[in-house]
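Presented below is the structure to which this report refers.
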Number of protein chains: 2
Amino acid sequence: MFIQIEPQSDVPIYEQVTRKIMEGIARGEMKPGDTLPSVRNLAADLGVNMHTVNKSYHELEEKGIITIRAKSGAIIRSAEERALTTEQLQQIEKNLKPVVVEGMVLGATAEQIEHMIKKVFSDLQIPAEGV
Amino acid sequence: MFIQIEPQSDVPIYEQVTRKIMEGIARGEMKPGDTLPSVRNLAADLGVNMHTVNKSYHELEEKGIITIRAKSGAIIRSAEERALTTEQLQQIEKNLKPVVVEGMVLGATAEQIEHMIKKVFSDLQIPAEGV
DNA sequence: ATAATTGTTATACAGATAATATAACAAATA
DNA sequence: TATTTGTTATATTATCTGTATAACAATTAT
C-alpha cells in the first residue's frame, strides 16, 4: 500500500492512517467492495504496531466508511450503504467550523476558503460542480 | 467573559478556549486593540487552571491572532498587523483538507460543503461575498 | 513609593491518550 | 489441516492534558 506516515507529526499515527485511506477512497484508488489490507500486513508495511492500524479501521467503521467482518477482513462500503445522514452532515459542519473561523479571523474571505475547497476537490481529481 | 466550556468534550479545554476566543473575534464581540482578560481572571471565570488559559493565549499568539505583552496583558492584533501570509493560507488549506475529504467520502458534494461554509459565515453575522 | 496585578518560570502530580510488545483465542479462509 | 484474520488481554513506555503551588520580575494602579 501507498501510505506514507510522518512519525514526528502532531497528528497521531492512527489518525494519519485513517486520513490516508479516506484520501485513497476519495481519489478512487480504492473502490466500494474492495478489501483493505489486513491490519497485520498494513502495520508491517508502515512499520507500526498492529493495534495502531486496528484503531484506524475501527475509526473508519465508526464514521460509516468501511465494514469490518470479524476475523475475515474490512471492506469499503458503497455510496448507497453509506447514504449521507443529517447527523453526518452536522458532524462535518461541526468539524468545519473551527477551521473556517480561524481562516476568517486571519483575514481569509469566504471566496478564498471556497476556492481552497474546490482545490482540494480538484487535487483529488473529483470534478466539483461548475468547475 | 461569555465562554462556556464542555469538560467532557474530546476537544482539550485549552483548544476550546482558543476556539471560543476566535469566534468572539469573528463575531466582532472583541475588536483589534482590545485586551483579553488576564489568564488568572479568565481561568477563575471558567473554573480551570491558570496554565490552561495561558496555553490558549500562546496558541493564539502562535497563530498570529494576539500579541502577548510580557507581564502586562494580551491584545488582539489588527487586521493590518496580521496580514494573511501564504504560509497561513497553506495552513488553513492543510487544516481544511481532512475535513473536506471526509465529507467527500461520506458523499457530500462540493456545493453542500460550500453551503456549510457560507452558513458558518452567516451564523457569525459576517456577510460573505455574494450572499 | 507602595501594593496589586501580570505573564513567566519551575516543579510536582494525576489521569488520559498514543504506541508498542507479546500472547493467546476463535472464526474464516486457503 | 494449516494459515490468516480480527479479537481480546495484559503490560510497558512516552507524551499530552490539566491541576496545584510557588516564586519571580516587570507592569500597572493606588
Side-chain angles (χ1 to χ4, degrees), chain A residues 1 3-22 30 33-77 81 95 98, chain B residues 1 3-22 30 33-77 81 95 98:
Chain A
M1 185 167 256
I3 291 177
Q4 189 76 8
I5 295 298
E6 297 178 20
Q8 56 188 8
S9 169
D10 59 331
V11 181
I13 296 175
Y14 77 90
E15 183 66 31
Q16 291 185 47
V17 173
T18 300
R19 292 181 183 183
K20 292 287 186 179
I21 291 175
M22 287 194 295
M30 318 178 71
D34 283 356
T35 306
L36 291 182
S38 75
V39 292
R40 285 181 177 83
N41 274 344
L42 182 52
D45 280 8
L46 302 180
V48 301
N49 192 272
M50 190 198 76
H51 299 295
T52 305
V53 175
N54 198 42
K55 191 170 182 179
S56 290
Y57 282 18
H58 280 276
E59 195 184 11
L60 287 167
E61 189 181 38
E62 201 175 357
K63 288 178 185 293
I65 294 171
I66 68 172
T67 301
I68 300 177
R69 295 173 304 184
K71 285 141 194 174
S72 171
I75 60 174
I76 301 172
R77 298 181 76 188
E81 286 174 318
N95 296 340
Chain B
M1 185 165 258
I3 291 178
Q4 189 75 7
I5 294 299
E6 297 178 20
Q8 57 189 7
S9 168
D10 58 330
V11 181
I13 297 176
Y14 75 90
E15 183 65 32
Q16 291 185 47
V17 174
T18 300
R19 291 182 183 182
K20 292 286 186 181
I21 291 175
M22 287 195 295
M30 318 179 70
D34 283 356
T35 306
L36 291 182
S38 75
V39 292
R40 283 181 178 83
N41 274 344
L42 183 51
D45 280 6
L46 303 179
V48 300
N49 192 272
M50 189 197 78
H51 299 296
T52 305
V53 175
N54 198 40
K55 191 170 182 179
S56 291
Y57 282 17
H58 279 276
E59 195 184 9
L60 287 166
E61 189 181 40
E62 201 175 359
K63 289 178 185 294
I65 294 172
I66 68 173
T67 300
I68 300 177
R69 294 173 303 184
K71 285 141 194 172
S72 170
I75 59 173
I76 302 172
R77 299 181 74 187
E81 284 173 319
N95 296 340

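This structure is a prediction, so every number in the text was calculated from the model and none was measured. So that the names make sense, note that chain A is the first sequence line, chain B the second, and so on, each numbered from 1.
Each end of the helix from C/dA1-D/dT30 to C/dA30-D/dT1 yields a helix axis from five base pairs, and these two axes differ in direction by 40° (to the nearest 10 degrees).
Sorted by first and then second residue, the pairs that involve residues 4-19 of chain A and meet salt bridge (charged side-chain N to carboxylate O under 4.0 Å, His left out), not counting sequence neighbours, are A/E15-A/R19.
A heavy atom lying under 4.0 Å from DNA chain C marks the following residues of residues 63-70 of chain B, by number: B/I68, B/R69, B/A70.
Atom-to-atom, CE of A/M50 to P of C/dT22 comes out at 13 Å; the value is rounded to the nearest Å. In this structure, the OH atom of B/Y57 is 11 Å from the C1' atom of C/dG7, given to the nearest Å.
Minimum interatomic distance between A/V53 and A/L42 (heavy atoms only, all atoms of both residues): CG1-CD2, 3.8 Å. Taking all atoms of both residues into account, the shortest heavy-atom contact from A/M30 to A/I21 is SD-O, 4.3 Å. Contact detail for A/E81 and A/R77: the closest heavy-atom pair is O-NH2, 3.0 Å.
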Report, one line per pair, each donor and acceptor closer than 3.5 Å where one atom sits in a side chain of residues 61-76 of chain B; sequence neighbours left out.
{"residue": "B/E61", "atom": "OE2", "partner": "B/I68", "partner atom": "N", "Å": "3.2"}
{"residue": "B/K63", "atom": "NZ", "partner": "A/E102", "partner atom": "OE1", "Å": "3.1"}
{"residue": "B/K63", "atom": "NZ", "partner": "A/E102", "partner atom": "OE2", "Å": "3.2"}

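Counting heavy atoms from C-beta outward, A/K55 and A/I13 have side chains that stay 4.5 Å or more apart. Within the 4.5 Å cutoff, the side chain of B/V48 has no heavy atoms near those of the B/Y14 side chain.
Considering only the side chain of A/S72, C/dT29 comes nearest among C/dG7, C/dT29, C/dT20.
Atom CG of residue B/L46 and atom NZ of residue B/K20 lie 10.5 Å apart, to the nearest 0.5 angstrom.
Two residues, A/A74 and A/H51, neighbour DNA chain D, and the one matched to the more 5' nucleotide by heavy-atom proximity is A/A74. Where A/H58 and B/R40 meet DNA chain D, the nucleotide closest to each residue was compared, and A/H58 sits on the side nearer the 5' end.
Residues that satisfy the side-chain hydrogen bond (donor to acceptor under 3.5 Å, both in side chains) test with A/E59, not counting sequence neighbours, are A/T18. Scanning for side chain to side chain contact (heavy atoms under 4.5 Å, CB included) contacts around B/N49 gives B/H51, B/T52, with sequence neighbours left out.
Here the range on DNA chain D touched by chain B, meaning any atom under 4.0 Å from one of its heavy atoms, is D/dT17 to D/dT28.
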Quiz prompt | Base versus backbone protein contacts along nucleotides 12-19 of chain C [heavy-atom cut-off under 4.0 Å; B, S, -] | solution = ------SS

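The shortest distance between the side-chain N/O atoms of B/S38 and the OP1/OP2 oxygens of C/dT6 is below 4.0 Å.
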